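Comments concern the structure below.
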Amino acid sequence: EAIHYHLLDTFNINPQDTTQWTATAKIIRKLRTDGNIVGGNDALITQQIADLFTKMGCVRQQKTVNGQRVRGWVGVWPR
């Protein structure tokens, strides 16, 4: 899918680098800001992100950011 290409092009993905973590919302926002996603349903986009990152061996993890629980991915960070 096209979103997979944009994810690979826009983000570094290394499941072994556990020092890196990026919130799913930030990933979607970056793709939208760069014009790689226009419209669409965030839940569907989140599922497409999960499909790719899971296949690549990344782990979904929740962290507390500014007092709120935020979902994101270990081993993923913007280029």
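All of these numbers come straight from a predicted model, not from anything done at the bench.
Between the CD atom in Gln61 and the NZ atom in Lys63 there is a gap of 5.5 Å [rounded to 0.5 Å]. Between the CG atom of Leu31 and the CG atom of Leu7 there is a distance of 5.0 Å, given to the nearest 0.5 Å. One distance of note links OG1 of Thr33 with NZ of Lys26; it measures 11.0 Å at 0.5 Å rounding. Taken to the nearest 0.5 Å, the CZ atom of Arg71 stands 8.5 Å off from the OG1 atom of Thr24. To the nearest 0.5 angstrom, Ile27 atom CD1 is 5.5 Å from Ile49 atom CD1. In this structure, the separation between CD on Gln48 and CD1 on Ile28 is 9.5 Å, given to the nearest 0.5 Å.
The main-chain N or O of Leu8 is found under 3.5 Å from a side-chain atom of Arg79 such that the two form a donor-acceptor pair.
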Worked verdict on Ile45 versus Ile3 for side chain to side chain contact (heavy atoms under 4.5 Å, CB included): CA-CA 8 Å; Ile45 294 165; Ile3 190 171; 3.6 Å; yes
Candidate pair Val74 and Cys58, rule side chain to side chain contact (heavy atoms under 4.5 Å, CB included), full reasoning: CA-CA 6 Å; Val74 175; Cys58 294; over 6 Å; no
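Arg69 and Thr64 are linked by a side-chain donor-acceptor pair at a separation below 3.5 angstrom, with hydrogens and angles left out of the test.
Comment: Arg32 engages Asp42 in a salt bridge, judged by a side-chain N to carboxylate O separation of less than 4.0 angstrom. Between Asp34 and Lys30 there is a salt bridge, since at least one side-chain N of the basic residue sits less than 4.0 Å from a carboxylate O of the acidic one.
Applying the ring-ring contact (aromatic ring centres under 6.0 Å, His included) test to pairs two or more places apart or on separate chains, none has a residue in residues 21-47. Among residue pairs with one or both ends in residues 59-79, those qualifying as ring-ring contact (aromatic ring centres under 6.0 Å, His included) are Phe53-Trp73; sequence neighbours excluded.
Taking each heavy atom of Thr54 and Ala50 in turn, the nearest pair found is OG1-O, 2.7 Å.
Surrounding CD of Gln62 are more than 12 heavy atoms belonging to other residues, nucleotides or ligands, all under 6.0 Å away.
Residues Pro78 and Thr22 are in side-chain contact: their nearest non-hydrogen atoms beyond the backbone lie under 4.5 Å apart.
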